[in-house]
Amino acid sequence: MQTISTQLLVLGGGPGGYAAAFLAADRGFQVTLVDASGKFGGTCLQVGCIPSKALLHVAKLIGEAKDAPHFGVTFGPPKIDLKGVRGHWQKVTETLTKSLAKLAEARKIRFIHGKGKFLDAHTVVVDDGTQITFEHAIIATGSIPAIPGPFQINSKRVMDSTAALALEEIPPRLLVIGGGYIGLEMGTIYAALGSKVTVVEAGDGLIPLADRDLVAPLHKRLESLFEKILLNHKVAKLEEVGKNIRASLEDPSGKSIIENFDRVLIAVGRRPATRDLGLEKAGITLDDKGFIPVNDQRRTTVAHIFAVGDSAGEPQLAHKASFEGKVAVEALSGEPVAYDVAGVPAVIFTDPEIAWCGLTEIDAQKQGIEVKKLKMPWAGSGRALTRGRTEGLTKLLVDPKTERILGVGICGIDAGEMIGEAMLALEMGATARDLALTMHAHPTLSETLMEAAEQMYGLAVHSPPPRKA
Ligand code: NAD
């Protein structure tokens, strides 16, 4: 049995773990990183954000070719080489994985392949028996798909997001359970490749966290891409019958509907990967959702152990994990730092995309916050017209007294690229006037942010004239 001692132990090599490990090494810490997959990048790089975005790019190509007659160009129907499509994301993932390994090597980070478990507050044992004693630790073990009891059937036709990315086949009929991030992104990919996709969502709208006016244009477009979108429906039971999965659905009145599918994707959320880490031996107690409680420096209740990313609370987003990883290392270095952000950008990479940051209308209503809503429909954007995609909208929520921007929501192509400017505005405490006085290049979609802000002052020339008092 090998025994190692290290100054900083990082458990998990995803966007939270590797960002923390790299930054700590740059600050002179001697770092050991343990990861169960044996690779850097975590879920995001290996079986999440990056593969799905590579596949969504393929879906976008197919969608644009389909829309091309609108611009006077006609392509034939696409021929799908599934091996080539899979190869695309695998190559991207491989390239990034290798590059992270090189960056870690250059920083002299010791990498151990295995699953770590706490023995006490200063010792972790890896499953090959290696014992690691540490001065400080950062837990960044991420999350895993939540598969509720009724969906736990032993069939390769019932997939989580990882199995869906493997793209073993293009099932003629795919049932997607859950109309959130994964359900809609993966549903878009499969529908573009030729599956007839049915989405079953338990709530009364897709993407429950997002404002309804942002979801409406996406919902409309998905209605033509997908076979069916069933809201307020439940899936009571899944059974494998021959080559089919028989799904017992329940409509809003409680009536049972039986439908057969070739495959099913379960996308009803992810749970923190914290259950079998031996945290109780380190003196850490999980909250009732399984997250590791942390303070604003991402310290756990045991001061020399930190936790970041999906294991330490919502939202479960890669960029939040990396940000927290950096905060934890700065705190470890003795800096007066805190995780104190004006917002966390959220992007759903569907077509159109939905992106938002800061306050949403849903939250404003719940919290009784008075806001002025400035909305710029993309029908007034020259750039949106040139791309044949005018269904989008850009929305600012502004404090009516201070004129400060409190939240931004965008639905439209490339919304995910535009949300960066909105985040900067939030972090800088910008007012609508600041945004209105920032010259934006013409013709770009980003002008819609400026035009929305201009509405506050009656300066928006591409919007209908302001109502006279
Ligand atoms: P999600 O929380 O985004 O969506 C789950 C959906 O399933 C919700 O709409 C919920 O109402 C619905 N649901 C729950 N139980 C159900 C049931 N029994 N039947 C039908 N519907 C049900 O979760 P997800 O899509 O699994 O994604 C997990 C997490 O992964 C997300 O929260 C997100 O943080 C992350 N993620 C992010 C991105 C991105 O940033 N673009 C992409 C993929 C995943």
Side-chain angles (χ1 to χ4, degrees), residues 14-16 42-57 59 142-152 158-165 175-189 198-210 212 215 218-219 222 228-238 247-252 257 264-273 289-291 309-324 344-357 362 410-411 415-417 419:
T43 299
C44 176
L45 174 53
Q46 301 303 332
V47 286
C49 332
I50 298 293
S52 59
K53 263 75 270 174
L55 291 177
L56 278 160
H57 181 68
S143 61
I144 54 172
I147 311 285
F151 307 150
Q152 286 173 9
V158 178
M159 309 180 288
D160 61 14
S161 53
T162 303
L165 284 169
L175 169 65
V176 173
I177 309 180
Y181 283 85
I182 294 177
L184 299 187
E185 290 185 358
M186 291 307 300
T188 296
I189 293 164
T198 296
V199 174
V200 172
E201 163 59 45
D204 59 7
L206 298 174
I207 320 170
L209 283 178
R212 295 302 87 196
V215 176
L218 172 65
H219 190 126
L222 288 180
K228 273 186 233 166
I229 299 173
L230 302 173
L231 301 177
N232 292 309
H233 276 65
K234 282 192 199 128
V235 178
K237 197 172 166 195
L238 296 175
S248 312
L249 313 179
E250 234 179 72
D251 80 2
I257 310 160
V264 179
L265 164 64
I266 318 260
V268 296
R270 297 178 61 89
R271 65 173 175 80
K289 284 184 172 170
F291 291 116
D310 287 9
S311 57
E314 286 163 329
Q316 295 169 308
L317 296 170
H319 40 273
K320 182 210 129 214
S322 307
F323 197 99
E324 290 178 318
V344 178
V347 183
I348 318 257
F349 292 89
T350 40
D351 179 29
E353 296 179 351
I354 293 185
W356 72 92
C357 62
I362 297 176
I410 308 168
C411 176
E417 298 298 331
I419 206 68

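Atoms within each ligand, like the ligands themselves, are counted from 1 in listed order.
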query = Nearest protein heavy atom to atom 29 (C) of ligand 1, by residue and atom, and its distance?
reply = Arg270 CD, 3.8 Å
ask   = What's the shortest distance from atom 34 (O) of ligand 1 to any protein heavy atom, and which residue and atom give it?
value = Gln316 O, 2.6 Å
message = List ligand 1 atoms under 4.0 Å from Ile177, heavy atoms only on the residue side.
response = 19 (N), 20 (C)
Side-chain heavy atoms of Ile354 within contact of Val347, under 4.5 Å = no
query = Does Leu249 offer a backbone N or O that forms a donor-acceptor pair with the side chain of His233 under 3.5 Å?
reply = no
note = The closest protein heavy-atom partner of atom 43 (C) of ligand 1 is Ile182 CG1, 3.4 Å
query = Taking the side chain as C-beta and beyond, is there a heavy-atom pair between Leu238 and Leu175 under 4.5 Å?
reply = yes
ask   = Which ligand 1 atoms are under 4.0 Å away from a heavy-atom of Gly180?
value = 3 (O), 4 (O), 6 (C), 9 (O), 25 (O)
inquiry  = Has Glu314 got a side-chain atom pairing as donor or acceptor with Gln316's backbone, closer than 3.5 angstrom?
reply    = no
remark   = For Leu317, the atoms of ligand 1 under 4.0 Å from one of its heavy atoms are 34 (O), 37 (C), 40 (O)
query = N/O of Ala202 under 3.5 Å from N/O of ligand 1, yes or no?
reply = yes
note = re atom 7 (O) of ligand 1, the protein heavy-atom contact at minimum distance is Gly178 CA, 3.3 Å
key: Glu201 (side chain) donor-acceptor with Leu231 (main chain) under 3.5 angstrom   = no
Identity and distance of the protein heavy atom lying nearest atom 11 (O) of ligand 1 = Glu201 OE2, 2.6 Å
request  = Could you pull out all residues at least two apart from Ser143 that satisfy side-chain hydrogen bond (donor to acceptor under 3.5 Å, both in side chains)?
outcome  = Arg270, Asp310
Check: Ala415 main-chain N/O paired with Glu353 side-chain donor or acceptor under 3.5 Å = yes
inquiry  = Checking the N or O distance criterion of under 3.5 Å, is ligand 1 in contact with Gly269?
reply    = yes
note = the protein heavy atom lying closest to atom 39 (C) of ligand 1 turns out to be Tyr181 CD2, 3.2 Å
ask   = Going by the order shown, which atoms of ligand 1 are within less than 4.0 Å of some heavy atom of Phe349?
value = 41 (N)
remark   = min-distance protein heavy atom vs atom 5 (C) of ligand 1 -> Ala267 O, 3.5 Å
ask   = Is there a donor-acceptor pair closer than 3.5 Å between any side-chain N or O of Thr350 and the backbone N or O of Glu185?
value = no
request  = Please confirm whether Glu185 comes within less than 3.5 Å of ligand 1 when only nitrogen or oxygen atoms on both sides are compared.
outcome  = yes
query = Heavy-atom distance under 4.5 Å between the side chains of Val199 and Leu230, does that happen here?
reply = no
key: ligand 1 atoms in contact with Pro208 (distance to a heavy atom under 4.0 Å)   = 9 (O), 11 (O)
inquiry  = Please confirm whether Pro148 approaches ligand 1 to less than 4.0 Å, judged on its heavy atoms.
reply    = no
query = Is ligand 1 under 4.0 Å from a heavy atom in the side chain of Glu314, in the backbone, in both, or in neither?
reply = neither
query = What protein heavy atom sits nearest atom 13 (N) of ligand 1, and how far away is it?
reply = Val268 CG1, 3.9 Å
query = Roughly how far apart are Ile266 CD1 and Ile177 CD1, rounded to 0.5 Å?
reply = 4.0 Å
inquiry  = Once you restrict to heavy atoms under 4.0 Å, what part of Val235 touches ligand 1? Side chain, backbone, both or neither.
reply    = neither
ask   = Ile229 versus His219: any side-chain heavy-atom pair under 4.5 Å?
value = yes
